[in-house]
Structure formats: structure tokens, C-alpha cells
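There's a structure below that I have some questions on.
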Amino acid sequence: MDLIFGLTGLVFTLFFVRFWFSLFCGLILTFLFLLKLSFRRDVLYISCGLGVDLLSFTLVGLRMWICCLIILASGEINKLKIHRRFFVFIAFFLLVRLVLTFLSINLFVFYLFFEVRLIPTLMLIIGWGNQSERIQAGIYLLFYTLLVSLPIIMGLFFVDFYGFSLEFYFLRSFNNLFLYLCFRIVFFIKISIFLVHLWLSKAHVEAPVSGSIILAGIILKLGGYGLLRSIKILFKIDIKVNLIFIVISITGAVIISLVCIRQNDIKILIATNRHGKR
């Protein structure tokens, strides 16, 4: 909880400090957090419904480091004075939401912060994007996320009703195809699996450098983290259904690789290449 209080206090004091001083504060917090590194697999530092294990610890450290890179890569915003203090506020506000997402040990709390992080990401793309179609890219990102977020709520009710708990380490496995689709589709879209990947290329092209860093280094990893956390619920049905999505992913990788051969836009090339790897 000391990390959460430190980040929250930093967010509300960023309006009174210089642009580069916020980078220094972020690096100091990253260093202090890494001092708590532990290779134990059980949950540590449990407090107020939050905890950390080895998986979430590494991802929180990565998020804090990426947030510092966002500030470092946005020197042009500071030079041109394009709402620079508000930009730093949004960057660290997003960091707090992501840290809370990875520290959550309850499935509903994880889902809540998993969706809240969409708002600052959308503001970064629309507010500081350099291209003319950034609003369209933001709408793609928003509606792809909102539409697939509705079924997972029903999945949460199902797990809570029949499993009697939403805590990660008290979840039980279900052999239910409907539950599989409710949980998996939202994370498949976050990692931009083939056939539901259009939002990623749009967002990468229209986003500023900081937005591209967030999409590549945070959003896509968040989808993989969600898949890993939901394995325990869907272990029985995973064995039967995963082969279908593996075939779809391999087919998409081949098609996207052929598209990349004739692509001359470097930002689209990076976006499609990241999708092809998935």
C-alpha cells in the first residue's frame, strides 16, 4: 500500500513540479519498488484487497519503467508546451490504474481497473495524436473494448454464484463453453488476435510516441496477463477449445507477414508485426 500512496501523492503534486522532475520521481519510485523483489510464488504484502506475487511483481516493475520511458520520449511535448503538465498527470494516472490492476487479488477488482485504464489511454491518443484520424482510432479502441466487456460481467456473476469466491487463489475450474467465451474474448481482443485486430493498427498509427509505447508495452501485455490469471477457471475447457484459436493465430501470422512485405508506413509495419507475433 505504501507504493499506492506514493504514486497517488505523486499524481496530485505533478501540477506543481517541472516536466523532467516527474521523470526523476518515477525513476526513484521504480528503484524503491524493485528493492522489494521476492522470488516466492505465493502472494505477499496482502493489504486492502491487494497483493503481489512473482508474476504481478515483474509486470508492475515493467509498467513503472515504461511510464518513465513515456516521459522521456515526450520531450517535444515539453518543448512545444502542449499541455505538458496535464500530459504527465495522465501518464502517472494511468500508471496508478495499471499498478492497481496487477496488484488485485480479486477477479472483480482486477476487471474494474482493467477497464478504467481505457480512459487515460483514449485521452492520450485523442489529445496528443499527430494524425488527422486520431478520433476515429479512439472510437475503434473504445467500442472494441466496451462491446466485449459486457459478457465478462456475466462470467463474473457465474463464477461468484457457483464458485462462491472471486479471489484468485480460491477459484475453481469450470467446464463451460459459454464461460470460456465470456472470459477469453476480451483478452483475445486486447492481444489483438486475428479477425479482431483492426483497432490496434488504427491506434498505433494515430497515437503519439507515448501512446504507441503504452499500446505495445502495456495494453498487449495486460491481455496476456488476463489470460494467465483466468487459466485456473477455464483449465478443463481450455484443453478442448484452445486448438481452434491456435489455428486462427497461425493463419493470421502468415497473412500479416505477407502484408508486411509490401508495407511502407513504418508505424503500420510495427503494429502489424506485433499483431503477427500473436
Q. Is there a chain of hydrophobic side chains (I, L, V, M, F, W, Y, each step under 4.5 Å between heavy atoms) that links Met154 to Ile152?
A. no
Q. Looking only at heavy atoms, what is the nearest atom pair of Lys232 and Phe170, with distance?
A. NZ-N, 4.3 Å
Q) Can you tell me how far OG1 of Thr58 sits from CZ of Arg63, rounded to the nearest 0.5 angstrom? A) 8.5 Å
Q: Please check if Ile119 and Tyr111 belong to a single hydrophobic cluster, counting links between Ile, Leu, Val, Met, Phe, Trp and Tyr side chain heavy atoms closer than 4.5 Å.
A: yes
**Q.** Expected output: side-chain Thr101 to main-chain Phe113 donor-acceptor under 3.5 Å
**A.** yes
Q | Exam field: side chain Arg172 to backbone Tyr162, donor-acceptor pair closer than 3.5 Å | A | yes
Q) If you measure from CH2 on Trp65 to CG on Leu62, what distance do you get to the nearest 0.5 Å? A) 10.5 Å
Q: Specify the closest pair of heavy atoms between Ile71 and Ala91, including all atoms of both residues, with the distance to one decimal.
A: CD1-CB, 4.1 Å
Q: Starting at CD1 of Ile250, measure out to CD1 of Ile246 and round the result to the nearest 0.5 Å.
A: 7.0 Å
(Q) If I take atom CD1 from residue Ile244 and atom OG from residue Ser249, how far apart are they, to the nearest 0.5 angstrom? (A) 11.5 Å
Q: Could you pull out all residues at least two apart from Ile237 that satisfy side-chain contact (heavy atoms from CB on, under 4.5 Å)?
A: Asn175, Tyr180, Leu234, Lys240, Val241
Q: Could you tell me whether the side chain of Ser230 and the main chain of Gly226 form a donor-acceptor pair under 3.5 Å?
A: yes
Q.
Taking Leu227 as the starting point, is it possible to reach Ile189 by hopping between hydrophobic residues whose side chains are less than 4.5 Å apart?
A. yes
**Q.** Results of side-chain hydrogen bond (donor to acceptor under 3.5 Å, both in side chains) for Thr121 - residues two or more places apart only
**A.** none
**Q.** Residue pair Val60 / Val52, side-chain heavy-atom distance below 4.5 Å
**A.** no
Q: Compare all side-chain heavy atoms of Phe87 with those of Leu124 and state whether any distance is below 4.5 angstrom.
A: yes
Q.
Quick check: do Phe183 and Val159 have side-chain heavy atoms less than 4.5 Å from each other?
A. yes
Q: Anything under 30° is parallel, anything over 60° is perpendicular, the rest tilted; go ahead and classify Phe187 against Phe114.
A: perpendicular
Q. Under 6.0 Å between the ring centres of Phe174 and Phe158?
A. yes
Q: Kindly work out whether a path of hydrophobic side-chain contacts (I/L/V/M/F/W/Y, heavy atoms less than 4.5 Å apart) joins Leu107 to Ile153.
A: yes
**Q.** Within-4.5 Å side-chain heavy-atom neighbours: Ser104 and Leu50
**A.** yes
Q. Between atom CG of Leu243 and atom CG of Asp238, what is the distance when rounded to the nearest 0.5 Å?
A. 12.0 Å
(Q) Show the nearest heavy-atom pair for residues Gly223 and Lys190, with the distance to one decimal. (A) CA-CB, 3.7 Å
(Q) Can you classify the ring geometry of Phe168 versus Phe110 as parallel (below 30°), tilted (30 to 60°) or perpendicular (above 60°)? (A) perpendicular
